[in-house]
There are 2 protein chains.
Amino acid sequence: MPSEPAPRRIGAADSKTRARLVDAAEQLLLEEGHAAVTSRRVGARAGLKPQLVHYYFRSMEDLFVEVFRRRAEESLARTDRALTASASLRTIWEINADPRGAAFNVEFVALAKHHPAVRAEVARYARRYRAMQLRALSRALAEAGVAPEDAPPMVALLLMTGLTQVMALEQVLGVTAGHEETLVFVQDLIDRLDGGRRAG
Amino acid sequence: MPSEPAPRRIGAADSKTRARLVDAAEQLLLEEGHAAVTSRRVGARAGLKPQLVHYYFRSMEDLFVEVFRRRAEESLARTDRALTASASLRTIWEINADPRGAAFNVEFVALAKHHPAVRAEVARYARRYRAMQLRALSRALAEAGVAPEDAPPMVALLLMTGLTQVMALEQVLGVTAGHEETLVFVQDLIDRLDGGRRAG
DNA sequence: GTCTATACTTCGATAGAC
DNA sequence: GTCTATCGAAGTATAGAC
């Protein structure tokens, strides 16, 4: 049987040096975009030799996946805590409207289009996040007395997600016409629903 | 006075060769993402020497701007034609739901984050497109008998834009849970509004 | 007005030293 | 288990020939 072409050795996953490289990659990704995340620049940012990137990660794609995974897990945990503390419509909206992570999304969606490993990881996270929010929103809408026929939780969730994402994205471009008006409208709606429970 | 540092000569804007380079760049952008749009690869795709890219464009960023501008103008013209022919809610929705261009958006938003010239061009287009749609949607909602207090046109437009964008984006990831349900819901709503004009 | 020869930088990756 | 010396390929851009 044709043995594998001698895989090169990869550093331990719990290495301190490895964590520093992931930190550096994350910073570069946020500040300058994924095109700036090269082994040389990551090494320089971490104060380490660039070759170490290739020692700890089989490829640059692997490094991207690791950066994403770390942030995604943290984000899921934070959202879970917030929803456990309070599952009101207001809380769910605020979690969605939080612009942190919007810059990340832009970079990782672009990466996902052409890197299968990144795409798989982003998709996995998107599904978990969606399911978590859907559970909370279903309950919150029911408690607010909104009938599922009038506003199916999944439809409401996609509308909310889309709205916050498009506004975060336009913020980057400096296009903010209508944002304030829309935020006021949505928050009024939520106040009415959250306040007047079982009122319709 | 310190004269400019000798700008190098740039090819004519109406050159046939130049158009071929823009075509090649557009193809590469769609197929493999903006990271694949390098002078070498654009040249190869066009069947030309890579140096020609630098003859016709002062920088790679200029090439990106040109690719974007060409598509954006075409898209604006197409939308304008569609809205002139029919300004119903259904038409406006269908224009938005058209997934063509979604792949482009992902690439150019990522580029815009770190290339000022691209950002300015994308923002300019976004504003024009938004204004064009807002005019049409305001009229369509009024004709359907929807009061601006119940559904302000700007709010409705941002919701619609966000919804179609987030679905197009998730399509790329292979995450389509809830999409069908949401499409049916929206289309039912539109049918009711477009059909029962002045019904409320 | 058009194109090419060439310079110089940076890239990802690996083989082998400690 | 950790790190470095080094490679070949690919990147942008310009000066100068036609």
Side-chain angles (χ1 to χ4, degrees), chain A residues 3-25 28-29 31-67 107 110-111 114-118, chain B residues 3-25 28-29 31-67 107 110-111 114-118:
Chain A
S3 64
E4 287 293 310
R8 90 172 178 280
R9 293 193 298 160
I10 295 297
D14 61 350
S15 158
K16 184 94 177 169
T17 301
R18 193 186 121 115
R20 279 172 64 190
L21 292 169
V22 177
D23 288 340
L28 279 170
L29 188 75
E31 292 168 18
E32 306 186 42
H34 66 258
V37 182
T38 67
S39 50
R40 285 174 138 84
R41 300 205 54 191
V42 169
R45 175 64 67 107
L48 297 165
K49 298 272 161 111
Q51 300 95 314
L52 286 175
V53 171
H54 299 289
Y55 168 58
Y56 283 105
F57 302 93
R58 206 165 295 277
S59 68
M60 295 306 287
E61 189 177 12
D62 276 15
L63 172 56
F64 282 121
V65 168
E66 187 59 25
V67 170
E107 300 295 339
L111 276 171
H114 309 288
H115 292 273
V118 174
Chain B
S3 65
E4 287 292 309
R8 89 173 179 279
R9 294 193 298 161
I10 295 295
D14 62 349
S15 158
K16 185 93 179 168
T17 301
R18 193 186 121 115
R20 279 171 65 191
L21 291 169
V22 177
D23 289 340
L28 278 170
L29 188 76
E31 293 168 16
E32 307 186 42
H34 67 258
V37 182
T38 67
S39 48
R40 282 173 139 88
R41 299 204 55 189
V42 169
R45 174 64 66 107
L48 297 165
K49 297 270 161 106
Q51 300 95 313
L52 286 175
V53 172
H54 299 288
Y55 169 56
Y56 284 104
F57 301 93
R58 206 166 295 278
S59 67
M60 294 306 288
E61 188 177 12
D62 277 14
L63 173 56
F64 282 122
V65 168
E66 187 59 26
V67 170
E107 301 295 339
L111 277 171
H114 309 287
H115 292 272
V118 174

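Keep in mind that the numbers below use all heavy atoms, side chains included, and drop hydrogens, waters and symmetry copies. Proteins come first, then strands; the chains are lettered A, B, ... in the order of their sequence lines, and each starts at number 1.
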A.B. asks: What orientation do A/His34 and A/Phe64 show, parallel under 30°, tilted 30 to 60°, or perpendicular over 60°?
C.D. replies: perpendicular
A.B. asks: From CD of A/Glu61 over to C1' of C/dC11, roughly how many Å is that when rounded to an integer?
C.D. replies: 16 Å
A.B. asks: Between D/dG11 and B/Ser39, is there an OP1 or OP2 to side-chain N/O distance shorter than 4.0 Å?
C.D. replies: no
A.B. asks: Provide the closest heavy-atom pair for A/Arg58 versus A/Ile10 in the form atom of the first, atom of the second, distance.
C.D. replies: NH2-CG1, 3.3 Å
A.B. asks: For the pair made of CG in A/Leu52 and P in C/dT14, what is the distance, rounded to whole Å?
C.D. replies: 15 Å
A.B. asks: CZ of B/Arg8 versus C1' of C/dT6: gap in Å, rounded?
C.D. replies: 14 Å
A.B. asks: Given D/dT2, is OP1 or OP2 found less than 4.0 Å from the side-chain N or O atoms of A/Thr17?
C.D. replies: no
A.B. asks: Using atom OH of B/Tyr56 as one end and atom P of C/dT4 as the other, report the distance to the nearest whole Å.
C.D. replies: 10 Å
A.B. asks: Expressed as a whole number of angstroms, how long is the span from B/His54:NE2 to C/dT4:P?
C.D. replies: 14 Å
A.B. asks: Respond yes when some side-chain nitrogen or oxygen of A/Tyr55 is under 4.0 Å from OP1 or OP2 of D/dG1, and no when none is.
C.D. replies: no
A.B. asks: How is B/Phe57 classified with respect to the nucleic acid when contacts are heavy atoms under 4.0 Å: base, sugar-phosphate, or nothing?
C.D. replies: nothing
A.B. asks: Whole angstroms only, please: what is the CG-P distance between B/Leu63 and D/dA13?
C.D. replies: 11 Å
A.B. asks: Using only side-chain N and O atoms of A/Thr38, determine if any of them is under 4.0 Å from OP1 or OP2 of C/dT10.
C.D. replies: no
A.B. asks: Regarding D/dA5, can its base be found pairing with the side chain of A/Gln51 as donor and acceptor, where the two atoms are less than 3.5 Å apart?
C.D. replies: yes
A.B. asks: Roughly how far, to the nearest 0.5 Å, is the CZ atom of B/Arg18 from the OH atom of B/Tyr55?
C.D. replies: 11.0 Å
A.B. asks: With a 3.5 Å cut-off and just heavy-atom distances, do the side chain of A/Arg9 and the base of D/dT2 make a donor-acceptor pair?
C.D. replies: yes
A.B. asks: Whole angstroms only, please: what is the CZ-P distance between A/Arg18 and D/dC3?
C.D. replies: 14 Å
A.B. asks: Round to a whole Å and report the spacing from CZ of A/Arg40 to C1' of C/dA13.
C.D. replies: 11 Å
A.B. asks: Please confirm whether the backbone N or O of B/Ala24 pairs with a side-chain atom of B/Arg45, one donor and one acceptor, at under 3.5 Å?
C.D. replies: no
A.B. asks: Nearest 0.5 Å please: distance from the CG atom of B/Leu63 over to the NE2 atom of B/His54.
C.D. replies: 9.5 Å
